[in-house]
A.B. asks: 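Structure below; questions to follow.
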Amino acid sequence: MGKGTIYKGKEGKQIITDHYEDYVKSFKFDVERMYVETSYGKTHVLIAGPKEGKPIFLFQGGNCINPMTLTWFIPLVEKYRIYAPDTIGHPGYSDENRISAKDIALLYG
């Protein structure tokens with residue numbers, strides 16, 4: 001598993017996180033945040049919808065920021081409890097470790 005950053009510089013990371021926060025602020029519903037420790041690193045999760053709602057997990061599209069993906073499912077927020085983790089190694093607040101398919105082979109090989 002590679003370590004380091006997915007960004008070419010601090011300025012690029014700041015631009016992405018600014019866009020991320022702008023999306024979150026634009027929502028007309030409450031968004032909770034939490035971090036979950038995994039074997040690949042710390043994962044940031046956005047959570048929305050009623051606590052008693054049936055859970056739905058949304059996974060962000062390739063290299064787009066998670067709140068953008070969440071906007072596509074806004075109609076579900078009133079009824080369902082949505083968990084939207086930032087993928088590790090992609091833009092967002094999860095660890096920036098690059099994960100390779102070879103890493104998975106090491107676990108099972």
Side-chain angles (χ1 to χ4, degrees):
M1 183 168 25
K3 298 288 181 190
T5 183
I6 59 171
Y7 302 100
K8 293 187 180 195
K10 289 182 182 180
E11 183 178 310
K13 183 175 182 174
Q14 188 62 54
I15 290 168
I16 295 294
T17 56
D18 286 348
H19 283 301
Y20 192 110
E21 293 305 319
D22 288 343
Y23 264 108
V24 172
K25 289 175 190 170
S26 76
F27 294 143
K28 306 272 190 273
F29 50 87
D30 292 333
V31 177
E32 299 171 42
R33 298 172 186 240
M34 68 180 293
Y35 283 91
V36 177
E37 289 291 335
T38 73
S39 57
Y40 286 96
K42 187 168 52 173
T43 303
H44 176 259
V45 183
L46 296 176
I47 305 166
K51 292 182 192 280
E52 67 280 357
K54 288 187 178 183
I56 294 178
F57 286 81
L58 300 178
F59 296 99
Q60 74 193 77
N63 286 324
C64 76
I65 54 178
N66 199 15
M68 177 188 291
T69 304
L70 185 54
T71 64
W72 305 333
F73 297 92
I74 286 175
L76 301 178
V77 170
E78 288 184 32
K79 184 176 180 181
Y80 296 94
R81 184 71 165 170
I82 298 177
Y83 298 89
D86 294 347
T87 303
I88 292 175
H90 289 258
Y93 291 104
S94 290
D95 280 351
E96 297 174 26
N97 305 332
R98 293 187 184 270
I99 299 174
S100 165
K102 291 178 183 178
D103 295 333
I104 294 171
L106 292 173
L107 290 173
Y108 299 105

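One is the number of the first residue; the rest follow in order along the sequence.
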A.B. asks: What are the two closest non-hydrogen atoms of Phe73 and Leu58, and how far apart are they?
C.D. replies: CD1-CD1, 3.6 Å
A.B. asks: To check you understand the geometry: which heavy-atom pair defines the closest contact between Pro55 and Tyr83, and what is its length?
C.D. replies: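 Scanning both residues, the minimum pair turns out to be CB-CE1, 3.9 Å.
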A.B. asks: Please name the pair of heavy atoms, one in Lys79 and one in Pro50, separated by the smallest distance, quoted to 0.1 Å.
C.D. replies: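 Result for this residue pair: O-CG, 3.8 Å.
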A.B. asks: Counting N and O atoms only, with roles assigned by atom type, does the side chain of Thr43 sit under 3.5 Å from a partner on the main chain of Ser94, one being a donor and the other an acceptor?
C.D. replies: no
A.B. asks: Determine whether Phe27 and Leu70 satisfy the following criterion, side chain to side chain contact (heavy atoms under 4.5 Å, CB included), listing intermediate values before the conclusion.
C.D. replies: CA-CA 10 Å; Phe27 294 143; Leu70 185 54; 3.8 Å; yes
A.B. asks: How long is the straight-line distance from CD of Glu21 back to NZ of Lys25, given to the nearest 0.5 Å?
C.D. replies: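 One finds 6.5 Å between NZ of Lys25 and CD of Glu21.
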A.B. asks: Are Trp72 and Phe59 in one and the same hydrophobic cluster, where Ile, Leu, Val, Met, Phe, Trp and Tyr link if side-chain heavy atoms are under 4.5 Å apart?
C.D. replies: no
A.B. asks: Can you list the steps and then say if Phe29 with Ile74 is a side chain to side chain contact (heavy atoms under 4.5 Å, CB included)?
C.D. replies: CA-CA 9 Å; Phe29 50 87; Ile74 286 175; 4.0 Å; yes
A.B. asks: If you measure from NE2 on His44 to CE on Met34, what distance do you get to the nearest 0.5 Å?
C.D. replies: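 Taking NE2 in His44 and CE in Met34, the distance rounds to 10.0 Å.
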A.B. asks: More than 12 heavy atoms of other residues, nucleotides or ligands under 6.0 Å from CG of Asp30: yes or no?
C.D. replies: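 Open.
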A.B. asks: Please check if Val45 and Tyr20 belong to a single hydrophobic cluster, counting links between Ile, Leu, Val, Met, Phe, Trp and Tyr side chain heavy atoms closer than 4.5 Å.
C.D. replies: no
A.B. asks: Between Ile47 and Tyr93, is there a shared hydrophobic cluster once you connect ILVMFWY residues whose side-chain heavy atoms come closer than 4.5 Å?
C.D. replies: no
A.B. asks: Quick check: closest heavy atoms across Cys64 and Met68, and the distance to 0.1 Å?
C.D. replies: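 Taking Cys64 first and Met68 second, the nearest heavy atoms are CB-SD, 3.9 Å.
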A.B. asks: Could you tell me which non-hydrogen atom of Leu46 sits nearest to which non-hydrogen atom of Arg33, and how far apart they are?
C.D. replies: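 Looking at all heavy atoms of both residues, the shortest contact is CD2-CG, 3.9 Å.
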A.B. asks: Kindly work out whether a path of hydrophobic side-chain contacts (I/L/V/M/F/W/Y, heavy atoms less than 4.5 Å apart) joins Ile56 to Val31.
C.D. replies: yes
A.B. asks: Between Asp86 and Asn66, is there a donor-acceptor pair closer than 3.5 Å when you use the side chain of the first and the backbone of the second?
C.D. replies: no
A.B. asks: Determine, step by step, whether Asp95 and Tyr40 satisfy the side chain to side chain contact (heavy atoms under 4.5 Å, CB included) criterion, reporting the C-alpha distance in whole Å, the side-chain angles of both residues, the deciding distance to 0.1 Å, and the verdict.
C.D. replies: CA-CA 8 Å; Asp95 280 351; Tyr40 286 96; over 6 Å; no
A.B. asks: Give the minimum heavy-atom separation between Ile88 and Asn97, together with the two atoms involved.
C.D. replies: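 Of all heavy-atom pairs spanning Ile88 and Asn97, the closest is CG2-O, 3.5 Å.
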